[in-house]
Colleague: 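Here it is: the structure, laid out below.
Not measured: the values here are computed from a predicted model. Just so it is clear: chains get the letters A, B, ... in the order the sequence lines come, proteins before strands, and each one is counted from 1.
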Protein chains: 2
Amino acid sequence: MSDGRSTSTYSGENLLFLTDEQLRQGIEAMFFAYRGFTADPDRILADMAYGRAHHRAIHFIHRAPGTTVNNLLNILGVTKQSLNRVLRTLIEQGLVISKVGKVDKRERHLFLTDEGSSLEQTLSDAQRARMRSAFRDAGPEAVAGFRTVLEAMMDTEMQRAYTRLKETGA
Amino acid sequence: MSDGRSTSTYSGENLLFLTDEQLRQGIEAMFFAYRGFTADPDRILADMAYGRAHHRAIHFIHRAPGTTVNNLLNILGVTKQSLNRVLRTLIEQGLVISKVGKVDKRERHLFLTDEGSSLEQTLSDAQRARMRSAFRDAGPEAVAGFRTVLEAMMDTEMQRAYTRLKETGA
DNA sequence: CAGTATATGTCAGTGTTGTTGACATTCCAA
DNA sequence: TTGGAATGTCAACAACACTGACATATACTG
């Protein structure tokens, strides 16, 4: 179904970058690159009792301190039960603290402790180092293209979450 | 590692695309985009008894028919026990066949059956549709940049595997 | 040929991370 | 004030990765 149509429908323009072969290469690039993307933090976490899920939670708590469990849930796209297990161990180990909401006591607001911040720093340093090296090798224009394509690949809700975070930090 | 050239090339120029904030946005973009990237096949597979691991195996067997177990192992980056569990169910369900090697009888060469090919088609149609839409929205230059950055983000071994596959197909 | 290396498969056990279901607490609105 | 919605917690289970140990068949080497 996707064969040939991509080239024939839009014939006239130069749409060679939309051939199935190009798309498949894009798919494989995503697969291999994502492995590299997570490799460094994974290595660090392997020695501890934590995994990728803990990394993600720590990252976004660092990013938006005081965020609620529910908010984090939406960003991470997992069930609250799944997130809860991760948060419980992080709280037990003293990396995260959870404060009952002042306005709405049902809510828990999440913060990193000093120890949590320290781990976040270690992990993001490793991940940023690879990203920086890739960005530098590729150059600013490639980086702009990289981000454009990634944003177009997200679900709409994730695009919103991403944009919201982006604006918060900038 | 390639720092010399790129630093000297860009030193003095605008390196704002390498700030921590930019890197963090790149990291978050990868995270959210990868979710979108796997979302469609995941939805299809959820109804069947298969998961993402089966999808990956099917993809690369389709991509390199007759590949050996060992080869697949290296591409997927999992243990043989883990891959074996997946392959066993795929073979039992009649999606994959394994043929004893003619030259080296220790090897098993893997192929998709018609049924396996049909599932592969369904899954990759879904994934390509999203990739095509993202590529089209972003345009050819962005796509080139996207691929440049992803390739720079891979581990060297994965880069080789990726290039080998790329050349096979093109 | 004997001994070693390689390719594959299997069993058992464990850890992380996702799922659903059940339930407690808190808030809010009829 | 009472019932429903929102928020979060606990328990049990499934998928899929891992390690370690071992079996089998085949290939290679001295």
Side-chain angles (χ1 to χ4, degrees), chain A residues 31 34-35 38-39 41-61 66-93 95-110 123, chain B residues 31 34-35 38-39 41-59 61 66-93 96-111:
Chain A
F31 172 71
Y34 197 76
R35 284 250 294 282
T38 56
D42 280 359
R43 249 190 302 277
I44 295 171
L45 289 160
D47 299 331
M48 320 184 185
Y50 304 122
R52 209 176 282 177
H54 300 86
H55 180 194
R56 291 196 286 259
I58 288 175
H59 175 98
F60 286 108
I61 294 173
T67 186
T68 63
V69 173
N70 212 8
N71 188 15
L72 202 50
L73 229 49
N74 292 325
I75 290 176
L76 296 176
V78 296
T79 58
K80 60 181 178 172
Q81 294 90 329
S82 188
L83 175 58
N84 188 254
R85 187 173 355 87
V86 169
L87 285 180
R88 202 188 322 165
T89 72
L90 290 176
I91 290 169
E92 278 167 7
Q93 309 287 313
L95 301 188
V96 167
I97 43 176
S98 134
K99 292 183 184 166
V100 173
K102 281 182 180 130
V103 179
D104 186 333
K105 289 180 187 164
R106 292 172 303 181
E107 295 180 338
R108 300 295 129 95
H109 298 276
L110 303 168
L123 294 172
Chain B
F31 171 70
Y34 196 76
R35 282 254 294 284
T38 55
D42 280 359
R43 248 189 302 277
I44 295 171
L45 289 160
D47 299 331
M48 321 184 184
Y50 304 120
R52 210 177 282 177
H54 301 83
H55 180 195
R56 291 195 286 258
I58 288 174
H59 174 97
I61 294 174
T67 187
T68 64
V69 173
N70 219 358
N71 188 14
L72 201 50
L73 230 47
N74 292 325
I75 289 176
L76 295 177
V78 296
T79 59
K80 65 174 178 177
Q81 294 91 328
S82 193
L83 175 59
N84 189 254
R85 187 178 352 94
V86 169
L87 282 181
R88 202 185 333 175
T89 71
L90 289 176
I91 290 169
E92 277 168 7
Q93 308 287 313
V96 167
I97 44 177
S98 134
K99 292 183 185 164
V100 173
K102 281 184 181 128
V103 179
D104 187 333
K105 290 180 186 164
R106 293 172 302 180
E107 296 180 336
R108 299 297 129 93
H109 298 277
L110 303 168
F111 301 87

Colleague: Please tabulate, one pair per line, all N/O donor-acceptor pairs under 3.5 Å involving side-chain atoms of residues 42-52 of chain A, not counting sequence neighbours.
Modeller:
residue : atom : partner : partner atom : Å
A/Asp42 : OD1  : A/Arg52 : NE           : 3.3
A/Asp42 : OD2  : A/Arg52 : NE           : 3.3
A/Asp42 : OD2  : A/Arg52 : NH2          : 2.6
A/Arg43 : NH2  : A/Asp40 : OD1          : 2.7
A/Arg52 : NH2  : A/Thr38 : OG1          : 3.3

Colleague: Which atom pair, heavy atoms only, marks the closest approach of B/Gly101 to B/His109?
Modeller: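 Heavy atoms only, the tightest pair is CA-CD2, 3.3 Å.
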
Colleague: Could you check B/His54 against B/Leu90 for side chain to side chain contact (heavy atoms under 4.5 Å, CB included), going step by step and ending with a plain yes or no?
Modeller: CA-CA 8 Å; B/His54 301 83; B/Leu90 289 176; 4.0 Å; yes

Colleague: Listed in order of residue number, which residues of residues 49-57 of chain B have a non-hydrogen atom at under 4.0 Å from DNA chain D?
Modeller: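 Residues of residues 49-57 of chain B under 4.0 Å from DNA chain D: B/Gly51, B/Arg52, B/Ala53, B/His54, B/Arg56.
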
Colleague: Could you state the CG-P distance from A/Asp47 to C/dG15, rounded to the nearest angstrom?
Modeller: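 The distance from CG of A/Asp47 to P of C/dG15 comes to 16 Å, rounded to the nearest Å.
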
Colleague: Could you state the CG-P distance from B/Asp42 to C/dT17, rounded to the nearest angstrom?
Modeller: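 In whole Å, C/dT17 P lies 17 Å from B/Asp42 CG.
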
Colleague: Check step by step if side chain to side chain contact (heavy atoms under 4.5 Å, CB included) holds for B/Ile61 and B/Leu87.
Modeller: CA-CA 11 Å; B/Ile61 294 174; B/Leu87 282 181; 4.1 Å; yes

Colleague: Got a second to check how far A/Ile75's CD1 is from A/Arg56's CZ, nearest 0.5 Å?
Modeller: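 Reported to 0.5 Å precision, the distance equals 13.0 Å.
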
Colleague: Among residues at least two apart in sequence or on other chains, which ones pass side chain to side chain contact (heavy atoms under 4.5 Å, CB included) with A/Val78?
Modeller: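 A/Val78 satisfies side chain to side chain contact (heavy atoms under 4.5 Å, CB included) with A/Leu76, A/Ser82, A/Leu83 once adjacent residues are dropped.
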
Colleague: Closer than 4.0 Å, any side-chain N/O of B/Asn70 to the OP1 or OP2 of C/dT8?
Modeller: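 B/Asn70 to C/dT8 OP1/OP2: side-chain N or O found under 4.0 Å.
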
Colleague: Which nucleotide of DNA chain D is the first, and which the last, in the 5' to 3' direction, to come under 4.0 Å of a heavy atom belonging to chain B?
Modeller: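 Answer, 5' to 3': D/dC16 to D/dA27.
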
Colleague: Does A/Asn74 have any side chain to side chain contact (heavy atoms under 4.5 Å, CB included) partners at least two apart in sequence or in another chain, and if so, which?
Modeller: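 For A/Asn74 there are no side chain to side chain contact (heavy atoms under 4.5 Å, CB included) partners, ignoring immediate neighbours.
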
Colleague: I need the full list of salt bridge (charged side-chain N to carboxylate O under 4.0 Å, His left out) pairs touching residues 68-90 of chain A, with sequence neighbours left out, sorted by first then second residue.
Modeller: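 Qualifying pairs, neighbours excluded: none.
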
Colleague: Give the residues of residues 71-85 of chain B touching DNA chain C, defined as any heavy atom closer than 4.0 Å, sorted by residue number.
Modeller: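 Heavy-atom cutoff 4.0 Å gives B/Lys80, B/Gln81, B/Asn84.
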
Colleague: Rounded to the nearest 0.5 Å, what separation is found between the CG atom of B/Leu110 and the CD1 atom of B/Ile97?
Modeller: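 Taking CG in B/Leu110 and CD1 in B/Ile97, the distance rounds to 9.5 Å.
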
Colleague: Please identify each residue that fulfils side chain to side chain contact (heavy atoms under 4.5 Å, CB included) with B/Val100, with sequence neighbours left out.
Modeller: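 Listed in chain order: B/Lys105, B/Arg108.
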
Colleague: Could you tell me which residues satisfy ring-ring contact (aromatic ring centres under 6.0 Å, His included) with B/Phe31, sequence neighbours excluded, listed by chain and number?
Modeller: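 Residues passing ring-ring contact (aromatic ring centres under 6.0 Å, His included) with B/Phe31: A/Phe60.
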
Colleague: Tell me, which pairs form a side chain to side chain donor-acceptor pair (under 3.5 Å) where one or both residues lie in residues 95-104 of chain A, sequence neighbours left out?
Modeller: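 Listed once each, the pairs are A/Asp104-A/Arg106.
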
Colleague: Please list each protein N or O that sits under 3.5 Å from an N or O in nucleotides 25-30 of chain C, with the distance.
Modeller:
residue : atom : partner  : partner atom : Å
C/dC27  : OP1  : A/Lys105 : N            : 3.0

Colleague: Kindly write out the residues that satisfy salt bridge (Lys or Arg N to Asp or Glu O under 4.0 Å) with A/Arg35, not counting sequence neighbours, or none if the list is empty.
Modeller: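 Once residues adjacent in sequence are excluded, A/Arg35 has no partner under the salt bridge (Lys or Arg N to Asp or Glu O under 4.0 Å) criterion.
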
